[in-house]
Amino acid sequence: MAKEKLLLLDGNSLAYRAFFALPLLANESGIHTNAVYGFTTMLQKILEEEKPTKMLVAFDAGKTTFRHDTFDEYKGGRQKTPPELSEQFPYLRKLIDAYQIKRYEKELYEADDIIGTLAKQAQSQHMDVIIVSGDKDLTQLATDQVSVYITRKGMTDIEKYTPSHIEEKYGLTPNQIIDMKGLMGDPSDNIPGVPGVGEKTAIKLLKEYGSVEALYEQIDSMKQSKMKEKLVANEEQAKMSKKLATIFTEAPIDITLEDLNYPGPNEDNVLQVWQELSFKSLIEKSDFQVEEKVTAELAFEIVRDVTPDMLKDVMAIHVELENEHYHTCQILGVGFSDGETNFYVSFEIFSNNEVIKNWLEDETKKKYMSDSKAAQAILKRLGINLRGVEFDMLLASYIVNPAISGDDIATLAREFGYGDVQANETIYGKGAKWTVPAENVLAEHVARKAFSIWSLQPVVEEKLKTNEQFDLYYDLELPLAAILGRMESEGIKVNIETLEKMGEELEQKITSLEKEIYELAGEKFNINSPKQLGVILFEKLGLPTIKKTKTGYSTAADVLERLQSEHTIVKYILDYRQLAKLKSTYIEGLIKEVHRGDSKVHTRFQQALTATGRLSSTDPNLQNIPIRLEEGRKIRQAFVPSNEDWVLFAADYSQIELRVLAHMSNDDNLVDAFKKGMDIHTRTAMDVFHVSEDEVTSNMRRAAKAVNFGIVYGISDYGLSQNLDITRKEAGEFIDKYLQSFPGVKDYMDNIVQEAKLKGYVTTLLNRRRYLPDITSRNFNLRSFAERTAMNTPIQGSAADIIKQAMINMDARLKEEGLKTKLLLQVHDELIFEAPRDEIEILERIVPEVMENAISLNVPLKVDFSYGSTWYDAK
DNA sequence: CCCATCACG
DNA sequence: ACGTACGTGATGGGT
């Protein structure tokens, strides 16, 4: 039989070590994870290297130990365990259980003593023993059979203390480690030792005398010195300290070596804990296999014919798609569940079934879904108008916590406690290996999704209600999904010929710029490569380096702008960059997205993605079409109405974020400025620079505008100094002056950070939440970032709430008025419609009215609008 | 697949 | 002392 190998881990010490060695990471729900993460990486490494047959993790139990009988200040003065660490212990225990490793703790004894006792027992049975700890005290236990591994920085780096290593390092035997500590003490455990004796002196003394006791026996023969005086004066204390430092190897533990057999991890359970804590890199790297069906059985049927009685008044339905591009992809199959019966219908049957179509279009038949907007859009392509969506798990989860990583139902379901849906990647594979599995596998997967939606609907809605977020979800996000779906399906018409013509002109300009650049550089190179460009500019041409990136020289636009006076090539590069961007992203990229059938682009608005509550837009992104520079702005000439004699009508909120700030801070000055309808940047300049309105120069206004931006972003002197190209000190002075002029804003900023620290999250006007786990971090960077986020998110998020509400009201109003006008796009603070010319007059009246009254603030909202025959002309 | 860059609010 | 402006998505280069 192979020799037994026992691995003993010091749970508390390792958790502490990991906690302080690693940055304070947190998962999406705000649980800190660094201690568990460090422990896990260490554990993985040790398991792989040592392959133990028996294992135990020992923990300290409670506050008092038998050592307190000796010295009641033992471990006194120790800082309370930080809450960010305490909250990790339950997860650590869960993880250890998942690995199927025994845990043990015993009243009055420390983990050390449990480890010492078991190590001794194991030794007497001739086992190999390895002890792992972050605490060097344990090294006193080292023998020929017992090695003590102490973690160093980063947790996976380990120093192995064997008797010979200890001899080499200190010139002492393991036993003498105790004497060393008796003499030098240990501030972390509040062990006093002999004042004035440190590691060096202790080692010297022990080499000469052997032990504390031997030292004091011979102390009379020691020649007179300051040190001798101290030793004599502290004899009792030294002996007591030694006693405190001695690990007790006879602890009365009620666990035996037989109990410690280690069967290896339950990989499924370990993965589940990793999932919960978002240890993505570990999940990816590990070769853990998810066990075949630990999942509960789910009865389901593959149905060939659907009769009306099968489709209930309330039912979960899931439309499974090939991929996320729901405007172009195919349906793979559809799952239904009412909690009792679960069934699957293939696309072929689904698409030709009048019974299902009628049910889907029946408003009174309530549907529970996840990502109903995707289903709505793809069903629309089949001529089916989806109605009666009562629950959308994707949106509900997003409202509960916008950080929940979204698109896969498996992830969402797990988040709310249902773990029996497989990840899409498991079913289909990924990348080039993607493939649709056999029908029974697909059917079960899809049926499980439907079942999980059904099962979790009450759970998630309950959570929404406790958080007072049900209205936000049900009255705002859910109806908005249907509106966004219609906007996407409607699409916006693009004139490809216009784009192609622009492309040709750009091509010519780019070619001639290329020529100039190669000429000036003296060689050909890839201008698009920041690496190659850096070499040319900063090495060959010797331009001064202003900023560096992780990988080399920065060639970003702000750097190049400062270098323009140094070399004529710089301007050419800036121009080249600008035009190359236009051509690749906005000409070629956009053309690729135009649908052949209708000459339109159909973006997808991501409604459950951003941390703040904004939408985002993909394939193509229609929220970043150029406007700031004229050359780019011309791209908008290619966006046109879908009918002859229609126009594009654009309406945007003026200064919505600063108005939101005025409302939330209720700063008298800021509120007054908006009530009087003043130009806010001019007003800010007047207050910050103490001048009258007509004394405000354009530079002062520019600076004030930057300060206002800074305030909205969560001000920092550094950020403002970068933006205005001034010193940090000057920027700091601007900020001070601003906050003096707007004291209510200062109070708001202070309070919101306090509130975030207290609650762990911030909220918007309509009670949207964002969790900020890093707000209590001791890492300056993480904490500062979280603080700025605490200031910015309520502002940005409330602005998002307002425009979303406006979209809902606008949709209703258009219907009421019986107009043909269609809402096509939302770009954060503006709405873009297409409209028949004869409806313009009405729109000019109702669009500002609806938008300005979407949500009532203590300052007015202001909307500007315009229209034209292309998006460019709606300015 | 990540990084740097740059387009928008 | 720390080293940042807030929120996004698409592209080309390079590993």
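Lettering of chains follows the sequences in order, A, B, ..., and the numbering in each one begins at 1. Keep in mind that what you see is a predicted model, and the values were worked out from it rather than measured.
Donor-acceptor pairing under 3.5 Å, judged by distance alone, is absent between the side chain of A:Gln623 and the base of B:dC8. Checked by distance alone, A:Arg770 brings no side-chain donor or acceptor within 3.5 Å of a matching partner on the base of C:dG7. Taking 3.5 Å as the limit, the base of C:dT8 and the side chain of A:Arg614 contain no donor-acceptor pair of atoms between them.
When heavy atoms are screened at a 4.0 angstrom cut-off, A:Asn624 is found touching base atoms of the nucleic acid. Among the protein residues, A:Gly589 comes within range of the sugar-phosphate backbone only, with heavy atoms under 4.0 Å from sugar or phosphate atoms but none that close to a base. Note on A:Leu609: only backbone sugar-phosphate atoms sit closer than 4.0 angstrom, heavy atoms only; bases stay farther off. A:Ala800 comes within 4.0 angstrom of no nucleic acid atom, judged by non-hydrogen atoms across all strands. Using a 4.0 Å heavy-atom criterion, one finds that A:Ala790 contacts no nucleic acid atom at all. When heavy atoms are screened at a 4.0 angstrom cut-off, A:Leu582 is found touching no nucleic acid atom at all. Nucleic acid contact for A:Ser716: base, since at least one base atom lies under 4.0 Å from a heavy atom of the residue. A:Asn528 comes within 4.0 angstrom of the backbone, heavy atoms only, and of no base. At a threshold of 4.0 angstrom between heavy atoms, the contacts of A:Ile625 are confined to the sugar-phosphate backbone, with no base atom among them. A:Val712 comes within 4.0 angstrom of nothing in the nucleic acid, heavy atoms only. Within 4.0 Å of A:Asn526, counting heavy atoms only, lie sugar-phosphate atoms of the nucleic acid but no base atom. Note on A:Phe785: only backbone sugar-phosphate atoms sit closer than 4.0 angstrom, heavy atoms only; bases stay farther off. Within 4.0 Å (heavy atoms only), A:Ala580 reaches no atom of the nucleic acid at all. Contact annotation for A:Asp652: no contact, since no heavy-atom pair falls under 4.0 Å across all strands.
A cation-pi geometry, defined here as NZ or CZ lying under 6.0 Å from the six-membered ring centre and within 45° of its normal, does not hold between A:Arg728 and A:Tyr718.
With B:dG9, C:dA5, C:dA10 as the candidates, the nucleotide lying closest to the side chain of A:Arg788 is C:dA5. Of the candidate nucleotides C:dT4, C:dG9, C:dG14, C:dG14 has the atom nearest to the side chain of A:Lys531. Candidate nucleotides B:dT5, C:dA10, C:dT8 were compared by shortest atom distance to the side chain of A:Thr555, and B:dT5 ranks first. Proximity note for A:Thr610 (side chain, C-beta onward) versus C:dT8, B:dC8, C:dA5: the nearest is C:dT8. When each of C:dT8, C:dC6, B:dC6 is scored by its nearest atom to the side-chain atoms of A:Asn792, the top-ranked nucleotide is C:dC6. Proximity note for A:Asp619 (side chain, C-beta onward) versus B:dG9, C:dA5, C:dA10: the nearest is C:dA10. You'll find that the side chain of A:Lys581 is closest to C:dA10, out of C:dT4, C:dG7, C:dA10. The side chain of A:Gln532 lies closest to C:dG14 when the candidates are B:dC8, C:dG14, C:dA5.
Pairing partner, B:dC8: C:dG7, with both Watson-Crick or wobble hydrogen-bond distances short of 3.5 Å.
Comparing C:dA1 with B:dC6, their P atoms sit 33 Å apart, to the nearest whole Å. Across C:dA5 and B:dA4, the matching P atoms stand 13 Å from one another, rounded to whole Å. Nucleotides B:dC3 and C:dT4 are separated by 14 Å at their P atoms, to the nearest Å.
With A:Lys524 contributing its side chain and A:Tyr518 its backbone, the two residues share no donor-acceptor pair below 3.5 Å. A donor-acceptor pair is defined here as one N or O able to donate and one able to accept, closer than 3.5 Å; no such pair exists between the side chain of A:Arg659 and the backbone of A:Phe674.
Every side-chain hydrogen bond (donor to acceptor under 3.5 Å, both in side chains) that A:Asp873 has, sequence neighbours left out, goes to A:Thr870.
The nearest whole Å value for the distance from the CG atom in A:Leu533 to the P atom in C:dG13 is 12 Å. For A:Trp871 and B:dC8, the CH2 to P distance is 11 Å, given to the nearest whole Å. What separates NZ of A:Lys547 from C1' of B:dC3 is a distance of 14 Å, to the nearest Å.
Results of the side chain to side chain donor-acceptor pair (under 3.5 Å) test with A:Gln796 over A:Thr764, A:Thr612, A:Thr789 single out A:Thr612 as the only residue that passes. Under the ring pair (Phe, Tyr, Trp, His ring centres under 6.0 Å) test applied with A:Trp871, the options A:Phe649, A:Phe833, A:Phe639 reduce to a single match, A:Phe639.
Proximity of the aromatic rings of A:Tyr738 and A:Phe734 is defined here by a centroid distance below 6.0 angstrom, and this criterion is not met.
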